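Just so it is clear, the structure is predicted and the values come from calculations on it, not from any experiment. Numbering starts at 1 and runs along the sequence shown.
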Amino acid sequence: MDIKNLNEVPAFTTKDGSEIRELLAHRNSVIRNQSLAEARLPIGASTQEHYHPRAEEIYYITHGTGKIRIEDEICEVRAGDAIAIPPGRKHKLWNTGGETLRLLCCCAPAYEHSDTIITES
């Protein structure tokens, strides 16, 4: 049985600049077709705009407030919001609030640096 605790999973930085803690994926569990991670963005920070040719993502905001752009659409987001990001769609996330923006990110197939294409410098 694979059970991972967020406080015991090491953090790493993704290609888009997010700090994540990968809870479950093929790298650390029996899961093979998706991944679940917690991402954190400090106050005033943002990810680099990017897209994933293969993976679809679900972001679930657990703490804080922010703004997300998917292609040309921009929306405010807050704790409790779930965001669908289809494969191939450029997206960027900003922390616009007064605390660390924290979110769960589910990717299918699992997150890989090689499936992340940065679209801004």
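At a cut-off of 3.5 Å, with distance as the only test, no side-chain donor of H63 or E38 sits close to an acceptor on the other residue.
S18 pairs by the side-chain hydrogen bond (donor to acceptor under 3.5 Å, both in side chains) definition with D16, not counting sequence neighbours. The side-chain hydrogen bond (donor to acceptor under 3.5 Å, both in side chains) search around E56 returns none, not counting sequence neighbours. Here E120 pairs with K92 under the side-chain hydrogen bond (donor to acceptor under 3.5 Å, both in side chains) rule; sequence neighbours left out. In this view, Q34 satisfies the side-chain hydrogen bond (donor to acceptor under 3.5 Å, both in side chains) rule with no residue, not counting sequence neighbours.
To the nearest 0.5 Å, the span separating CG on N95 from OG1 on T65 amounts to 6.5 Å. The line from OG1 of T119 to NZ of K90 is 5.5 Å long, rounded to the nearest 0.5 Å. A distance of 10.0 Å separates NE2 of H26 from CG of N33, quoted to the nearest 0.5 Å. With rounding to the nearest 0.5 Å, the separation of OH in Y51 from CZ in R89 is 13.5 Å.
Without hydrogens or angle criteria, D2 side chain to L24 main chain gives no donor-acceptor distance under 3.5 Å. K4 contributes a side-chain N or O that, together with a main-chain N or O of N28, makes up a donor-acceptor pair within less than 3.5 Å.
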List the steps, then state whether side-chain contact (heavy atoms from CB on, under 4.5 Å) holds for H91 with H52. CA-CA 9 Å; H91 53 285; H52 308 282; 3.5 Å; yes
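Linking Ile, Leu, Val, Met, Phe, Trp and Tyr whenever their side-chain heavy atoms come within less than 4.5 Å puts L6 and L104 in one cluster.
Sorted by first then second residue, the salt bridge (charged side-chain N to carboxylate O under 4.0 Å, His left out) pairs that include residues 65-83, not counting sequence neighbours, are E49-R69.
Y59 forms part of a hydrophobic cluster together with L41, I61, I68, I70, V77, I83, I85, L93, L101, L103, judged by ILVMFWY side-chain heavy-atom separations under 4.5 Å.
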